[in-house]
There are 2 protein chains.
Amino acid sequence: MANIHQVAKHAGVSVATVSRVLNGQNSVTAKTRIKVEDAIKQLNYEPSLLGRNLRNSESRLLLVLIPNISNPFYSEIINGIENTAIDLNYNILLCETDTNPDRENIYFDLVRKKMADGIISMDPAVNVETLTKLGKTHAIIQCSEYAVDSGIPYVTIDNLEAAYRAVKHLIRIGHTRIALINSDQKYLYARQRQLGYQKALEEHGLHMDEELIFHTQGLGFEYGQQAMKKVLSQKQRPTAIFAVSDLLAIGALKEIHSHSLKVPEDIAVVGFDKIAFSNMTHPTLTTVAQPMYQMGTIAAKMLVDKIQGKEVESLILDHELVIRESTLG
Amino acid sequence: MANIHQVAKHAGVSVATVSRVLNGQNSVTAKTRIKVEDAIKQLNYEPSLLGRNLRNSESRLLLVLIPNISNPFYSEIINGIENTAIDLNYNILLCETDTNPDRENIYFDLVRKKMADGIISMDPAVNVETLTKLGKTHAIIQCSEYAVDSGIPYVTIDNLEAAYRAVKHLIRIGHTRIALINSDQKYLYARQRQLGYQKALEEHGLHMDEELIFHTQGLGFEYGQQAMKKVLSQKQRPTAIFAVSDLLAIGALKEIHSHSLKVPEDIAVVGFDKIAFSNMTHPTLTTVAQPMYQMGTIAAKMLVDKIQGKEVESLILDHELVIRESTLG
DNA sequence: ATGAAAGCGCTAACAC
DNA sequence: GTGTTAGCGCTTTCAT
């Protein structure tokens with residue numbers, strides 16, 4: 001593997017000139033440029049990013065912290081991040097935290113040790129103090145979930161409003177006994193969506209029955225299924241379910257079916273996120289669409305801006321209620 | 001941000017000694033070590049990986065090339081890769097190729113330019129020649145899919161045998177008219193699974209009807225749905241479907257339902273991969289379990305071995321037919 | 001337009 | 001056990 005010195009020697013120029021050619025500076029004669037390019041080709045030279053990055057004090061790597069890679073909600077976001085990163089000549093270091101502080105700390109070290117230029121965090125609650133502190137000295141953006149007073153810019157949607165509209169839809173089509181399948185209250189979105197649920201009920205003079213609120217221990221469908229089991233064991237069964245994620249809603253759907261009940265005839269179901277699979281269930285799932293791809297795109301742009309020292313403002317994106325079969329009739 | 005020199009100065013020792021402390025060498029007096037550690041703490045020093053990596057001519061990054069991040073089949077594999085990488089003190093650079101040669105080339109450059117120490121490729125067919133060539137000079141492992149004569153080690157399963165068993169199961173429970181929903185034949189696994197399908201039919205003296213073989217243009221469920229539409233438009237409807245992936249099978253399921261047909265009563269369905277969703281469908285999906293997590297684990301180990309110059313052997317892992325509701329009765 | 005040389009932050013060979 | 005120093009491969013300032 002040749003280095004820049006050998007190229008310079010072979011081309012009969014100085015390393016500075018080679019570097020100029022490499023970086024497309026126009027202060028090089030066409031003739032000299034040709035010589036250098038020939039040498040590069042002949043020696044099969046590839047400039048080392050290790051050298052360049054050290055010199056430039058940057059890694060051109062963005063750390064993406066994601067709780068769980070298997071959750072399809074994040075796939076779309078990552079898509080947006082990656083495409084934007086590529087455009088801006090960055091690459092992403094995808095890191096799964098499993099909501100584990102130790103794990104997250106390993107990844108934080110990458111930015112502390114200059115192996116990453118900044119962080120997009122999607123699970124800031126894991127380690128709020130550390131994140132907040134790190135945010136003072138390093139470029140960080142929060143995406144979807146955010147720690148409110150971390151002072152770190154975020155991009156997200158209005159979860160309260162979105163949940164409010166979802167539940168209002170259920171009320172509008174005649175439901176009065178609506179269960180909430182929520183995840184752990186440690187998540188900001190969980191608290192916000194619950195507030196939206198309450199707001200809708202109150203606004204329509206419906207009694208908010210604590211017995212109709214179920215909290216899951218995890219985010220996978222199996223937890224939706226478990227929760228639904230509890231819902232169905234109630235003496236007075238609700239006629240509708242609002243689940244705070246499609247995954248939970250799909251688990252609920254499964255459980256409803258296994259009791260030979262029909263959706264939406266016996267029970268209507270609304271999910272949240274509009275993951276691809278929500279359109280493949282039987283029946284298809286009414287859900288709240290989040291602009292996942294766009295959110296990723298924006299988070300990446302914000303982060304690169306931040307890295308470059310620009311001012312960055314938090315952003316709240318639009319959502320949309322998508323009515324499908326699970327709430328028909 | 002302090003550097004090693006400032007730490008050395010502050011501690012009253014040389015940079016070499018600081019480096020020794022940093023790397024846990026035991027040739028340092030306890031007293032000296034303390035001094036250094038104090039200085040590190042006081043200065044809030046974090047060693048730069050940029051410097052270290054340049055010096056060591058390594059990046060400690062593994063490039064993971066994946067066709068599509070939204071496909072849940074890969075999520076589990078990536079999980080295995082990442083956990084193993086962390087254990088071995090590496091990190092992963094996750095890159096989505098979208099089966100696009102240009103895109104892949106951008107990523108190949110990362111390893112050519114020393115920003116990654118090796119590659120785990122999951123879609124080697126995109127760019128076989130380039131990959132083969134790169135494999136001569138760089139550490140590469142193929143995972144799941146592989147280019148047969150690239151000479152690059154791989155870890156996978158026996159796709160022919162797995163498909164053979166899946167179809168045999170359908171035959172055993174009485175089906176004689178079995179359609180194949182296959183993806184593009186450009187994929188090795190698609191060709192291998194089709195051979196397994198044929199083998200099972202032949203072995204039972206069943207006629208292989210070309211009209212029962214359907215090729216999709218893509219891998220998402222919408223393509224399974226499309227294919228199923230064609231299947232159902234046949235004059236003589238098959239009684240069973242073997243789809244080469246769960247995603248396709250789930251799309252097929254959807255289409256079957258929308259024709260008010262019942263699975264497995266009217267049509268039995270078998271998928272492939274055992275993705276998490278395959279247990280959430282209605283009915284649950286009979287499928288072939290691939291050891292995705294283990295495959296990722298092994299691929300990562302193989303790659304690190306290769307990077308360290310060790311000999312690496314290709315590996316074929318076990319699979320398992322998981323019989324669920326979609327083929328009951 | 002080009003070259004010489006310093007230096008990014010680190011490790012390790014060598015000397016004591 | 002510790003220090004001195006070269007050098008990993010690059011970019012950039014300052015000369016010329």
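Atoms considered below: every heavy atom in the structure, side chains included; atoms not considered: hydrogens, waters and symmetry mates. So that the names make sense, note that chain A is the first sequence line, chain B the second, and so on, each numbered from 1.
- Two residues, Ser27(A) and Arg52(B), neighbour DNA chain C, and the one matched to the more 5' nucleotide by heavy-atom proximity is Ser27(A).
- Distance from the side chain of Asn23(B) is smallest to dT11(C) among dG3(C), dT11(C), dC10(D).
- Between the base of dG1(D) and the side chain of Arg33(B) there is no donor-acceptor pair shorter than 3.5 Å.
- The distance between atom CG of Asn56(A) and atom C1' of dT12(D), rounded to the nearest whole Å, is 10 Å.
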task = Just do the salt bridge (Lys or Arg N to Asp or Glu O under 4.0 Å) check on Arg112(B) and Asp109(B) with the steps written out, would you?
result = CA-CA 5 Å; Arg112(B) 293 195 190 100; Asp109(B) 263 352; 2.8 Å; yes
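- Two residues are said to be in side-chain contact when any heavy atoms from C-beta on lie closer than 4.5 Å; Ile157(A) and Asp318(A) fail this criterion.
- Contact between the side-chain N/O atoms of Thr17(B) and the OP1/OP2 oxygens of dT2(D) is not found at any separation under 4.0 Å.
- Note: CZ (Arg55(B)) to P (dG7(D)) measures 10 Å, nearest angstrom.
- One N or O on the side chain of Asn100(B) and one on the backbone of Asp102(B) form a donor-acceptor pair closer than 3.5 Å.
- In this structure, the nucleotide among dC10(C), dC10(D), dT2(D) sitting nearest to the side chain of Tyr45(B) is dC10(C).
- To the nearest 0.5 Å, the span separating CD on Glu96(A) from CD1 on Ile92(B) amounts to 8.5 Å.
- Nearest to the side chain of Leu54(A), among dT2(D), dG9(D), dT2(C), sits dG9(D).
- In terms of phosphate contacts, Ser48(B) brings no side-chain nitrogen or oxygen within less than 4.0 Å of OP1 or OP2 of dG9(C).
- In this entry the distance linking CD1 of Ile40(A) with P of dG9(D) reads 16 Å, nearest Å.
- Nearest to the side chain of Ile4(A), among dC10(C), dA4(C), dG9(D), sits dG9(D).
- If you check every strand for non-hydrogen atoms under 4.0 Å, Ser19(A) touches a base.
- At whole-Å resolution of the value, CG in Leu49(B) and C1' in dC8(C) are 14 Å apart.
- Within the 4.0 angstrom heavy-atom criterion, only backbone atoms of the sugar-phosphate kind lie near Val13(B); the bases stay farther away.
- A donor-acceptor pair is defined here as one N or O able to donate and one able to accept, closer than 3.5 Å; such a pair exists between the side chain of Ser59(B) and the backbone of Met115(B).
- Leu50(A) comes within contact range of no nucleotide atom at all, as no heavy-atom separation falls under 4.0 Å.
- Remark on DNA chain D: of its neighbouring residues Ala30(B) and Gly51(B), the 5'-side contact belongs to Ala30(B), judged by nearest-heavy-atom nucleotide.
- Look at CD on Glu58(B): it is 11 Å from P on dT11(C), rounded to the nearest Å.
- Considering only side-chain N and O atoms, Thr29(B) lies under 4.0 angstrom from the phosphate OP1 or OP2 of dT2(D).
- Rounded to whole Å, atom P of dC10(C) lies 15 Å from atom CZ of Arg20(B).
- For Leu22(A) and dT12(D), the CG to P distance is 12 Å, given to the nearest whole Å.
- Looking at heavy-atom distances under 4.0 Å, Asn53(B) makes no contact with the nucleic acid at all.
- What separates NE2 of His5(B) from C1' of dC8(C) is a distance of 11 Å, to the nearest Å.
- Within the 4.0 Å cut-off from OP1 or OP2 of dG9(C), not a single side-chain nitrogen or oxygen of Ser57(A) is found.
- Distance check: Ile106(B) CD1 to Asn89(A) CG gives 9.0 Å after rounding to the nearest 0.5 Å.
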